[in-house]
Amino acid sequence: MRKYFIAGNWKMNPLSDPLPLLRELKVKLVGMNNIDLVVAPPFTALHQASELLRETPIIISAQHLFWEEKGAFTGEISASMLKVAGADYVIIGHSERRQYFSETDHSVNLRLKTALNNGLTPILCLGETEDERERGITFEVIERQFKGALSGCGESDLPGFIIAYEPVWAIGTGKTAQPADAQEVHEFLRRLLRDHYSSALADTTRIIYGGSVKPDNAAGLFKQVDIDGALVGGASLSAESFAQIAKASMELV
Ligand code: PEP
């Protein structure tokens with residue numbers, strides 16, 4: 001059985017002091033050892049988070065990285081810098097990066113390979129926009145993003161990597177996908193893993209859902225056979241609601 005993977009993406013929040021939220025998470029997530037718990041704070045809080053959560057099972061993720069190792073790339077951050085700051089995972093291809101920072105399937109691919117080559121585990125985000133769903137091209141878009149992101153990656157590169165299906169229309173909008181609709185896309189992604197790689201990789205890779213996951217809709221999503229957890233945005237900024245989402249998965253283990 002795949003272990004549930006519950007990750008909190010803080011995005012560019014909180015604006016000032018991350019310590020109260022980190023301290024509260026440490027208390028509220030204690031004992032949740034049957035699942036994988038991840039927090040992705042902004043760059044400036046990575047080091048504090050990794051220090052504070054050192055003795056806990058909570059893993060640290062970055063939200064972004066650049067593919068060059070060093071040099072004149074003002075404002076960017078390399079994989080080795082993230083590792084020094086304490087990150088083990090990195091979110092790649094989030095729709096906000098695609099939408100506001102011109103990420104393409106090609107740049108997602110470069111970032112993903114950089115993460116893999118530097119011992120950072122990618123959380124690869126993909127998902128269709130509302131317009132694409134309405135036009136009936138969801139699967140086409142997902143397949144294009146999947147192939148683009150993983151181009152040139154062999155099966156031996158990928159154990160442990162995470163796929164996050166995040167329909168763009170559900171992110172930060174309060175509109176969650178119906179569990180059965182999300183399941184359909186997760187099943188499709190698992191089929192892509194099987195067809196392009198192997199049954200072994202398809203059976204072991206965690207495919208998590210993101211898009212307005214809250215304590216009251218989490219269990220319905222987690223009960224779906226191909227949904228292995230969540231990437232949580234807004235609700236991860238409250239330790240209480242993040243812990244309730246994590247608990248919803250614990251109760252199914
Ligand atoms: C996200 O940022 O990945 C996300 C899913 O956000 P929210 O939970 O706020 O929709």
Side-chain angles (χ1 to χ4, degrees), residues 4-15 18 21 25 29 35-43 45-46 49 58-65 87 89-101 103 108 111-112 115 121-130 132-133 138 141-142 145-146 149 161-179 181-183 185-186 189 206-222 224 226-249:
Y4 281 104
F5 186 97
I6 311 294
N9 174 15
W10 291 12
K11 312 194 188 195
M12 206 169 73
N13 302 293
L15 294 178
L21 179 53
L25 282 171
L29 300 178
I35 57 175
D36 283 335
L37 290 162
V38 175
V39 289
F43 293 140
L46 283 174
I58 306 166
I59 305 161
I60 309 298
S61 175
Q63 300 175 16
H64 177 60
L65 92 174
Y89 282 76
V90 59
I91 297 172
I92 292 181
H94 193 281
S95 65
E96 287 152 14
R97 303 270 347 155
R98 295 180 194 254
Q99 185 180 353
Y100 302 125
F101 303 99
E103 286 269 11
V108 168
R111 289 181 215 283
L112 187 117
T121 304
I123 301 172
L124 167 64
C125 299
L126 33 75
E128 80 287 2
T129 63
E130 188 154 38
E132 289 162 341
R133 177 156 280 263
T138 297
V141 170
I142 297 293
Q145 292 178 340
F146 174 93
F161 96 117
I162 305 289
I163 299 180
Y165 166 56
E166 298 210 301
V168 179
W169 47 270
I171 297 180
T173 58
K175 286 195 238 171
T176 324
Q178 289 304 310
D181 292 337
Q183 162 60 24
V185 179
H186 283 237
L189 278 161
R206 268 91 57 92
I207 307 176
I208 63 176
Y209 169 83
S212 297
V213 176
K214 305 276 182 265
D216 61 355
N217 60 25
L221 290 158
F222 299 158
Q224 303 299 309
D226 288 301
I227 300 186
D228 305 315
L231 181 54
V232 184
S236 72
L237 295 172
S238 149
E240 178 58 29
S241 54
F242 189 65
Q244 279 181 30
I245 291 167
K247 195 158 166 270
S249 72

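We're numbering straight along the sequence, starting at 1. Order of listing sets the numbers, starting from 1, for every ligand and every atom in it. Everything quoted here is computed from the prediction, not taken from an experiment.
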> Do the non-hydrogen side-chain atoms of L221 and T176 ever get within less than 4.5 Å of each other?
Replying inline: yes
> Does some non-hydrogen atom of A230 fall short of 4.0 Å from ligand 1?
Replying inline: no
>> Could you walk me through whether H94 and E166 satisfy the side chain to side chain contact (heavy atoms under 4.5 Å, CB included) test, starting with their C-alpha distance in whole Å, then the side-chain angles of each, then the deciding distance to 0.1 Å, before giving a yes or no?
In response: CA-CA 8 Å; H94 193 281; E166 298 210 301; 3.4 Å; yes
>> For atom 1 (C) of ligand 1, what is the closest protein heavy atom, and at what distance to 0.1 Å?
In response: H94 NE2, 3.2 Å
>> So if I count the atoms of ligand 1 from 1 in the order they appear, which ones are less than 4.0 Å from some heavy atom of A170?
In response: 10 (O)
> Where does S236 meet ligand 1, judged by heavy-atom distances below 4.0 Å: at the side chain, the backbone, both, or neither?
Replying inline: neither
>> So if I count the atoms of ligand 1 from 1 in the order they appear, which ones are less than 4.0 Å from some heavy atom of L231?
In response: 3 (O), 5 (C)
> What protein heavy atom sits nearest atom 10 (O) of ligand 1, and how far off is it?
Replying inline: G172 N, 2.6 Å
> Identify the closest protein heavy atom to atom 3 (O) of ligand 1: which residue and atom is it, and at what distance?
Replying inline: E166 OE2, 2.7 Å
> Do any N/O atoms on K11 end up under 3.5 angstrom from N/O atoms on ligand 1?
Replying inline: yes
>> Take a 6.0 Å sphere around NZ of K214 and say whether it holds more than 12 heavy atoms from other residues, nucleotides or ligands.
In response: yes
> Out of curiosity, I171 CD1 to C125 SG, how far, rounded to the nearest 0.5 Å?
Replying inline: 7.0 Å
> With backbone taken as N, CA, C and O and side chain as the heavy atoms from C-beta onward, which portion of I171 lies under 4.0 Å from ligand 1: side chain, backbone, both, or neither?
Replying inline: both
> For atom 8 (O) of ligand 1, what's the nearest protein heavy atom and its distance?
Replying inline: G233 N, 2.8 Å
> Between the main-chain N or O of I162 and the side-chain N or O of D228, is there a donor-acceptor pair closer than 3.5 Å?
Replying inline: no
> Are side-chain heavy atoms of E128 and P167 found at a separation under 4.5 Å?
Replying inline: yes
>> Rounded at 0.5 Å granularity, tell me how far CD in Q178 sits from CD in Q183.
In response: 13.5 Å
> CD1 of I6 to CD1 of I58: how many Å apart, nearest 0.5 Å?
Replying inline: 12.5 Å
>> Show the atoms of ligand 1 that are less than 4.0 angstrom away from any heavy atom in G211.
In response: 5 (C), 10 (O)
>> Which residue and atom name correspond to the protein heavy atom nearest atom 9 (O) of ligand 1, and how close is it?
In response: G234 N, 2.8 Å
>> Looking at ligand 1, is there an atom of it that comes within less than 4.0 Å of some heavy atom belonging to S212?
In response: yes
>> In terms of relative ring orientation, are H186 and Y165 parallel, tilted or perpendicular, with 30° and 60° separating the classes?
In response: perpendicular
